Amino acid sequence: MIIGIDLGTTNSLVAVWKDGRAQLVPNGLGETLTPSCVSVDKDGSILVGKAARERLQTHPENTASVFKRFMGSDKKVSLAKKEFRAEELSAFVLKSLKADAEAFLGEPVTEAVITVPAYFSDAQRKATRTAGLLAGLKVDRLLNEPTAAALAYGMHQIGSECRFLVFDLGGGTFDVSILELFEGVMEVRASAGDNFLGGEDITNAIVDLFFQRKELSANLRNNAMFMQRLGASAESAKRALSLGQTAQVQIQLDGKDLAMDIEEASLEKICAPLLKRLREPVERALRDTNLRSNQLDSIVLAGGATRMPLVKRLVTLMFGRFPANDINPDEVVAMGAAVQAGLKMKDSALEEVVMTDVSPYSLGVEVSINLADGKTASGHFSPIIERNSTVPISRVSQYFPVVDKQTRLALEIYQGESRLVKDNIHLGSLELPLEPLARADNGVDVRFTYDVNGLLEVQATIVKTQKTHRLVIQGNPGLLSDDEIQQRFIELEKIKMHPRDTMEIRTLLARADRIYQQLRGDVRAWLGAQISEFEQVIENQNPRQIIPAQKSFSDMLTSIESDSHLHSNFDPQPN
Ligand code: AMP
């Protein structure tokens, strides 16, 4: 059985192709969104999801989140004194999703289609595949997130030529991709985005608006519990405004109710600067593909924040037509991954959809440029393969030495979009011996060939002698070798995952711990006693007692989190 996985920065989802359709799989808590958080529990077992997210505050030294951001690098995070790479942390999330799918399907799962952002570099893709291997999942092919969104909408079945744009606004990132379907080939023609723009910024804008009230001092921003509750209230107001015209942000402070009514129109006003920033990546993607918005056949929405009517309106205005949004935008990528998994299993109709990629970054060499005063300035970047070129691709440019009779030329290869190489990523060097000729007679043809597997081959031919020097840039020093992957796989197998069937209780206890740490005095002592009592019920292992105790313990935590008389006991110190 092959499953489809949306391995997200904040949340991950798994879906399967079952009974002729894509279906989302619930986790041990019965939810379809699993926070991409990992924590090492006190018994050394690994917690994934909501329980781990609760522990971000109580056990930051044992908990990790947002590790998708450093996929493909050799950065390590230390958890409970052990070091983990992003691939390994992602592998825990994948293992947990795999277990959910196995429980849902009642059969073992050995293979997955995993989605990645279209702009993911080769190193980031390889690291994602490694994460799959470490979780015991074969990953034949990674699927671009926008392509997945298109598959979920059945764009691959349209048959003829079509072009569409995927507008993906998540919690913290904004990605725009333009895709083209031509004679059964689906191609990402361009991708652009903003890594620091998402729904969380809109929630923060509501929080900032609330702080304009006179009775709130800026100091309150240091009160972790207050900020968390205000953030939660702003988040629910934002979600309520996706359904109605008005909502209320409510919070209690020192026994007093503070409330702020907010209308959709005023939310739109405070978000204007954020909404403005959505335009630039759209324009860049259109520019890169040489397309006008009216040449697009369809606009597809993805990412939870596109549920907001003000975002939908903006998209409608930007493109002069309504976007497609019949599928929940936060589920569309996982659903598309399941479609791809289904196609792969049937391997007939679906095989007809060939997907090609683009090089997500420009690739080029360092050059010196001539200045107006006759001097030269080194350290400049000359792109040879431009960003968003379809791969495989081969391009050649000619370069000359800086001075006459120069006897060697060091070709420094970079990836990136910046004017100066110091701001781009260095990929490798190629040393060329030159004949001591006049510079104009000493040209070098530099050919870059970038293939579908993400291998860049650099060929430099000295024009005069026709001598060619080659360099293949493979992967990245931050990646694991096959032997290392095997070794880590064995190590990870030794680490126990927390049992799925007790996840609900474990999550509840993690939540109780978080609330306990944020309280002081009598209330804290009282909650401590309640926790011990609940733990005792669990230890007795009597299901007739556990189920009602679980419900009342959960209700009690909810009431503590919203209870006014506890405010004087909130710890005013940031934690
Ligand atoms: P994603 O990364 O796709 O899961 O998107 C998460 C973002 O979507 C968060 O900022 C959420 O606040 C936002 N979001 C989810 N549901 C809604 C909703 N109904 N209305 C407004 N924003 C939402």
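Order of appearance sets the numbers: ligands from 1, and atoms from 1 within every ligand. Given the structure is predicted, the values throughout are model-derived calculations rather than measurements. Because only heavy atoms are used, hydrogens play no part in the values below, and waters and symmetry mates are left out as well, while side chains stay in.
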Can you list the atoms of ligand 1 that are under 4.0 Å from a heavy atom of [X]?
{"X": "Glu200", "answer": "10 (O)"}
{"X": "Lys238", "answer": "10 (O), 11 (C), 12 (O), 13 (C), 22 (N)"}
{"X": "Met308", "answer": "21 (C), 22 (N)"}

Short N-O contact, Glu264 and Arg313, less than 4.0 angstrom: yes
Asp297 and Arg321 ion-paired at < 4.0 Å: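 So Asp297 does not pair with Arg321 through a salt bridge.
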Pro35, Ala305, Ala302: member with heavy atom nearest to atom 8 (O) of ligand 1: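 Heavy atom nearest to atom 8 (O) of ligand 1 belongs to Ala305.
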Best match, Ser236, Gly303, Gly171: closest heavy atom to atom 7 (C) of ligand 1: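 Of the listed residues, Gly171 has the closest heavy atom.
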Salt bridge (charged side-chain N to carboxylate O under 4.0 Å, His left out) between Arg307 and Asp330, intermediate numbers included: CA-CA 9 Å; Arg307 286 176 181 252; Asp330 33 11; 2.9 Å; yes
Where is the nearest protein heavy atom to [atom]: which residue, which atom, and how far?
{"atom": "atom 12 (O) of ligand 1", "result": "Glu235 OE2, 2.4 Å"}
{"atom": "atom 20 (N) of ligand 1", "result": "Ser242 OG, 2.6 Å"}
{"atom": "atom 17 (C) of ligand 1", "result": "Arg307 CD, 3.5 Å"}
{"atom": "atom 3 (O) of ligand 1", "result": "Gly304 N, 2.8 Å"}

Contact check: Gly170 vs ligand 1, nitrogen or oxygen atoms, below 3.5 angstrom: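 In this structure, Gly170 places no N or O atom under 3.5 Å from an N or O of ligand 1.
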Side chains of Thr9 and Ser36 in contact at under 4.5 Å (non-hydrogen atoms):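 Thr9 does not reach Ser36 side chain to side chain.
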Phe174 side chain near Arg277 side chain, heavy-atom distance below 4.5 Å: no
Between Thr558 and Arg511, a side-chain donor and acceptor under 3.5 Å: yes
Test item: side-chain donor near acceptor, Thr58 and Asp513, under 3.5 Å: no
Arg239 and ligand 1 - part of the residue with a heavy-atom distance under 4.0 Å: both
Polar side-chain atom of Thr316 near backbone of Lys312 as donor-acceptor pair, under 3.5 Å: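 Checked: pair present.
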